[in-house]
Amino acid sequence: MAAIPRGENAVSAVEGAQGGVISDHPQWWLGLMLLMLHAALAWGITEFWSRAFLLTQFGLFLLWQPVWRGDNNVEPRYAALVVIVGFVLAAWNNWWLMAVWIAVLFGLIGGSVPGTADRRQRLVAMLAALYLISMLLMWIVPHLFTEQVFEDAMVLLVRYGLPVLPIAILMIRLETTRTTAPVAVDLFYSMILFLMVTALVLGSFVVRQVGHNNYPLALAQTLFAIALLLMALSWLWNPHSGFAGIGHMLSRYLMSLGMPFEQWVQRLAEYAEQETQPQRFLALALQHMLVLPWVAGLEWQARLGQGEYGGKSGHSAEFGFQDLQLKIYTRGALSPAVLLHLKLLTQMVGHFYDAKRREQVQRQSAYTQAIYETGARLTHDVKNLLQSLRSLCAAVETSGSDQAQALQTLMQKQLPLITQRLNVTLDKLRSPEQADVTQVDAVVWWGGLVQRYNGRNIQFEVEGSAKDAKLPSELFDSVADNLIENALIKSMGGAGVQVRVTFSAAGGGALAVCDNGPALQKGIADQLFEAPVTSQTGLGVGLYQSFRQAAQLGYRLALATNEPGTVCFVLTRKGGP
């Protein structure tokens, strides 16, 4: 047997069952409420049992009403309001009060229709609204006139015909569950409907009293006047020639309600221009929100930190935009217009803050990239200098006593060049953005290159005359050393790789380095000059730096041929042959 719940568990089980009946069948309470209202009004309101039916109807209204959930506890301040309304309905029951009460019910039911998606729920609301407006116009408003005489057919229709609508509501089955969210009542729609019903009732009463006409004619005249007014408002609502429209004016009013919106945005833009640090900008922007008259304080939390400004109050709202979480405390209850403002302000601050964070990341990336490129370029230059020193050391080791004079001449020519290139490398460290443009004689540069790689199984060729030609020595030294060393590395595996270096002084200088080794892989060849690539043979970083250096000086470094047995790199001046 199932265990019987005891104590608090039993109370919770009973409350849960009651809450399930209330939330699962809201149309029952609405239909019963309308039937109790009908019983209290259809046979007059002077009888003693009429007040009992009114109190019963008010209790059913509390179970049905969409403002608070019927299965939730009511706060003491709202409980006092409930008691006052119930006392007024029981003690001061007259036809004017009934007209106001039905207008309130009509506004609540009509205000819940825009938030209702289910077709059957909308049908229930329409039947309830039809009953209320029929009861109001056919029975309650005529009772406001002391000399009004009711025909028997009208009395029978009201007493025994109108209850069909609440009974139909009770018979409609809604597909609702406990997890179904309660229908939200649109305050704006409810107020509009309440005012329209009030205008209809008062208009009919005034026309009837002033014109001394019968009630149906007064009602028709009032309906016609309201229809003309609505047609005029609908025509003025949309923009037309020479007029922006009431809708535009109302939207502009709501967007600037309670705050100088343009001034606030302008101040926010000034903070964005003045502050580069995202944390400092966020602090200034959130502190500036405290100048708004309805903001008492706020709490914020982001990836870079958290904090709070101002004080706390009983009314608050939470907003989020990407990494920024914001809780704003207001001095009063939050209306839909204020909520719209807070959401818009949070999004604007979040957009600016996110932009500041991206700027900071970009600055850090640019700084890191500059450090990397400078270090890679200097490493590349030091590597070339080391290769030149290794060539001189190899010449010293392989030379004999009979070559002492030639070795001395080589040292006298190469050591000053190496010293000069080392000074240029140190200058790059001090000013990495400045490219060396020192022009040297092409014949002198070519002779030094041949001497450095003398005895390394390299074939050197010159096309045309190099007399009186000038070229940037630092660029050509860097490119030549990289291309030659990369080609020589291919022969370390024992393969007989032949390297050919061809130089032409025409058109600002052109250098070609070719070998008969294996071709470069397609993936490496495609990215060789776009970014540093990983390679066991040393290709990649040096050529990437040489390519950028050549571009700065108006030259172009390219892989002219990439086929097995023929791999050629060419350095030419842009616009040249």
Side-chain angles (χ1 to χ4, degrees), residues 30 33-34 37-38 40-41 45 54 57 61 65-67 85 88-89 92-116 122 125-148 150 154 158 162 165 185-238 243 245-251 253-254 257 335-337:
L30 177 59
M33 178 190 70
L34 296 180
L37 180 64
H38 186 81
L41 300 178
I45 58 174
L54 278 178
Q57 174 261 337
F61 165 77
Q65 49 79 30
V67 180
V85 174
V88 170
L89 289 176
W92 190 47
N93 53 342
N94 58 54
W95 293 111
W96 282 106
L97 179 61
M98 294 300 100
V100 174
W101 177 244
I102 289 185
V104 171
L105 293 179
F106 184 82
L108 287 177
I109 293 174
S112 63
V113 172
T116 303
R122 298 175 73 92
M126 292 177 63
L127 291 177
L130 178 61
Y131 169 80
L132 291 174
I133 198 67
S134 300
M135 193 69 178
L136 179 65
L137 297 180
M138 297 172 59
W139 189 251
I140 295 178
V141 175
H143 274 87
L144 299 178
F145 311 113
T146 56
E147 70 279 7
Q148 181 69 31
F150 293 89
M154 177 65 67
V158 170
L162 289 183
L165 297 176
V185 177
D186 193 301
L187 179 62
F188 185 78
Y189 279 98
S190 297
M191 290 297 300
I192 291 296
L193 292 175
F194 174 79
L195 293 176
M196 288 183 60
V197 173
T198 304
L200 179 61
V201 173
L202 295 180
S204 302
F205 181 82
V206 171
V207 172
R208 168 71 171 75
Q209 292 296 105
V210 173
H212 301 286
N213 299 324
N214 55 6
Y215 172 67
L217 180 59
L219 179 61
Q221 292 175 348
T222 305
L223 288 174
F224 183 74
I226 293 178
L228 290 179
L229 178 62
L230 292 178
M231 289 179 60
L233 288 177
S234 64
W235 180 72
L236 294 174
W237 185 266
N238 294 322
F243 181 63
I246 297 179
H248 176 73
M249 297 174 62
L250 181 61
S251 300
Y253 169 75
L254 292 177
L257 181 63
S335 64

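These numbers were taken from a predicted model, which means no experiment stands behind them.
Minimum interatomic distance between L193 and G110 (heavy atoms only, all atoms of both residues): CD1-CA, 3.3 Å. Between P142 and Y215, the closest heavy-atom pair is CG-CE2, 3.7 Å. Here the shortest heavy-atom pairing between T198 and A103 reads OG1-CB, 4.4 Å. Taking every heavy atom of both residues into account, G107 and S190 meet most closely at O-OG, 3.0 Å. The minimum heavy-atom distance linking F106 with V197 is given by the pair CD2-CG2, 3.3 Å. Shown here for Q57 and M33, the closest heavy-atom pair between the two residues is CG-O, 3.4 Å.
In this structure, CG in L132 is found 11.0 Å from CG in L127, a value given to the nearest 0.5 Å. Atoms CH2 and CE, on W101 and M98 in that order, are 8.5 Å from each other to the nearest 0.5 Å. Rounded to the nearest 0.5 Å, atoms CG (L34) and CD1 (I109) are 6.0 Å apart. Rounded to the nearest 0.5 Å, atoms CZ (F224) and CG (L219) are 14.0 Å apart.
Annotation: side chain of W96 is in contact with side chain of L144 (closest heavy-atom distance under 4.5 Å). Taking the side chain as every heavy atom from C-beta outward, T222 and F205 never approach each other to under 4.5 Å. Looking only at side-chain heavy atoms (C-beta outward), L37 and F61 stay at 4.5 Å or farther from each other. When side chains are defined from C-beta on, I140 does not count as touching V201, because their heavy atoms never get closer than 4.5 Å. Two residues are said to be in side-chain contact when any heavy atoms from C-beta on lie closer than 4.5 Å; L200 and L136 fail this criterion.
Within the structure, every pair that satisfies the side chain to side chain donor-acceptor pair (under 3.5 Å) test and touches residues 126-139, not counting sequence neighbours, is listed here: H38-Y131. Within the structure, the salt bridge (charged side-chain N to carboxylate O under 4.0 Å, His left out) test picks out the following pairs touching residues 189-215 (sequence neighbours left out): E147-R208.
Heavy-atom contacts from other residues, nucleotides or ligands closer than 6.0 Å to CE of M196 number 12 or fewer.
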